[in-house]
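Everything on this sheet refers to the single structure shown next.
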Amino acid sequence: MKTTVITLNDLYNIMETHMGHQTWLQDGTDWAESPWEVIYGAILVQNTNWQNVAPSLLKLKSRTNFDPQQVAQLDLKELTDLIRTSGFYTRKTQTIYNICHWLEKYHFDLAKIKTYSQPKLRHELINLKGIGNETADYILMYVLDKPNFMVDAYSRRLFGWLGCQLPSKYTQAQDLIESQVTFNLEKWQNFHALIVNYGKTVKNKAAFEKSFLYNYQDRLKLNK
């Protein structure tokens, strides 16, 4: 039976009730033991899957212990060889160098970086070649403790099934979602994890129709 209209906050509560609190970056994998690992992982996973990224991270960890100062001192060929399994390695090598030298401006001091405003940090990250909206927001939320909503393929697909086609422009879609609720950092992180983990299982409309969210098809209301 179809339900009445639901809000974004309702959607969060429904998903958490059915799926539980998500342990994103704390699921038994060892790559998230340090914030530097999160940064490299966010870059390396672009346009590939995690199975291809994991070997690259293991090699990078063995060679540098993920220390950005050591990474910045590697020559391009060596860094490229370390991350080759992740694909698009020439571009990703340069992106890793770019972000390590950005961190160098702040003396690799994450505590200091976190004191700056989210708009300033986001502007600087977006202006690094190889860092797009989604990667910048991932680093902001999971490394620099700046809450946000990441507009990815999983969220666009889910919101479409629920009756809300998000604006095609990333920042417009993000602003629309963030205007609906006043989540803190933990809730935005959990919401992101809920959407991604749901999307990894529910990959098409047929699967959606068998999932716990089907009763809410075309029922999500966003205030514009």
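Values in this document were obtained by computation on a predicted structure and should not be read as measured data.
Under a hydrophobic-cluster definition in which Ile, Leu, Val, Met, Phe, Trp and Tyr are linked whenever side-chain heavy atoms come within less than 4.5 Å, directly or via other members, Ile83 and Phe88 are assigned to different clusters.
At distances below 3.5 Å, at least one donor-acceptor pair connects side-chain atoms of Asn148 with backbone N or O atoms of Lys146. The backbone N or O of Gly199 sits less than 3.5 Å from a side-chain atom of Arg157, completing a donor-acceptor pair. No donor-acceptor pair closer than 3.5 Å links the side chain of Ser62 to the backbone N or O of Leu58. Side chain of Arg156 to main chain of Pro167: a donor-acceptor pair is present (N/O by atom type, distance under 3.5 Å, no hydrogens or angles).
With sequence neighbours excluded, the residues satisfying side chain to side chain contact (heavy atoms under 4.5 Å, CB included) with Ile126 are Arg122, Asn133, Ala136. With sequence neighbours excluded, the residues forming a side-chain hydrogen bond (donor to acceptor under 3.5 Å, both in side chains) with Asp145 are Lys114, listed by chain and number. Under the rule for a salt bridge (charged side-chain N to carboxylate O under 4.0 Å, His left out), Lys105 has no partner lying at least two apart in sequence or in another chain. Listed by chain and residue number, Phe149, Val151, Asp152, Phe159, Ile195 satisfy the side chain to side chain contact (heavy atoms under 4.5 Å, CB included) test with Ser155 (two or more places apart in sequence, or in another chain). Lys129 meets the salt bridge (charged side-chain N to carboxylate O under 4.0 Å, His left out) test with no other residue; sequence neighbours excluded. The side chain to side chain contact (heavy atoms under 4.5 Å, CB included) search around Asn127 returns His123, not counting sequence neighbours. Residues passing the salt bridge (charged side-chain N to carboxylate O under 4.0 Å, His left out) test with Lys187, sequence neighbours excluded: none. With sequence neighbours excluded, the residues that form a side chain to side chain contact (heavy atoms under 4.5 Å, CB included) with His21 are Glu16, Glu186, Asn190. Applying the ring pair (Phe, Tyr, Trp, His ring centres under 6.0 Å) criterion to Tyr170, with sequence neighbours excluded, gives no partner residue.
With hydrogens and angles left out, the side-chain atoms of Ser56 and Tyr40 include no donor and acceptor closer than 3.5 Å. Side chains of Thr7 and Asp10: a donor-acceptor N/O pair is present below 3.5 angstrom, by distance only. Using modelled atom types, one finds a donor on one side chain and an acceptor on the other under 3.5 Å when comparing Tyr142 with His192.
The NZ atom of Lys200 lies 9.5 Å from the CH2 atom of Trp50; values are rounded to the nearest 0.5 Å. To the nearest 0.5 Å, atom CG of residue Leu60 and atom CD of residue Gln70 are 10.0 Å apart. The OG1 atom of Thr115 lies 8.5 Å from the CG atom of Asp109; values are rounded to the nearest 0.5 Å. With values rounded to the nearest 0.5 angstrom, Leu162 atom CG is found 8.5 Å from Gln217 atom CD. Here Ile113 contributes atom CD1 and Leu103 contributes atom CG; the two are 5.0 Å apart, rounded to the nearest 0.5 Å. Remark: Phe66 CZ to Glu37 CD distance equals 4.0 Å, nearest 0.5 Å.
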Identify every side-chain donor-acceptor pair in residues 89-96 under 3.5 Å, counting partners at least two apart or on other chains, and give the distances.
unit_1 : atom_1 : unit_2 : atom_2 : d
Tyr89  : OH     : Arg84  : NH1    : 3.1
Lys92  : NZ     : Leu44  : O      : 2.6
Lys92  : NZ     : Gln46  : O      : 2.7
Lys92  : NZ     : Ser86  : O      : 2.9
Lys92  : NZ     : Gly87  : O      : 3.4
Thr93  : OG1    : Thr80  : OG1    : 3.0
Thr93  : OG1    : Tyr89  : O      : 2.7
Gln94  : NE2    : Asn98  : OD1    : 3.1
Thr95  : OG1    : Arg91  : O      : 3.0

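Seen from the ring of Phe208, Lys205 does not count as a face-on cation partner, given the 6.0 Å and 45° thresholds.
The two residues Val53 and Val45 make their nearest non-hydrogen contact at CG2-CA, 3.5 Å. Residues Leu194 and Met19 come closest through the heavy atom pair O-CE, 3.4 Å.
Classified by interplanar angle (parallel below 30°, tilted 30° to 60°, perpendicular above 60°), the ring pair Trp188/Phe191 is tilted.
Applying the side-chain hydrogen bond (donor to acceptor under 3.5 Å, both in side chains) test to pairs two or more places apart or on separate chains, none has a residue in residues 160-169. Among pairs with a residue in residues 172-184, those fulfilling side-chain hydrogen bond (donor to acceptor under 3.5 Å, both in side chains) read Asp137-Gln174, at least two apart in sequence or across chains.
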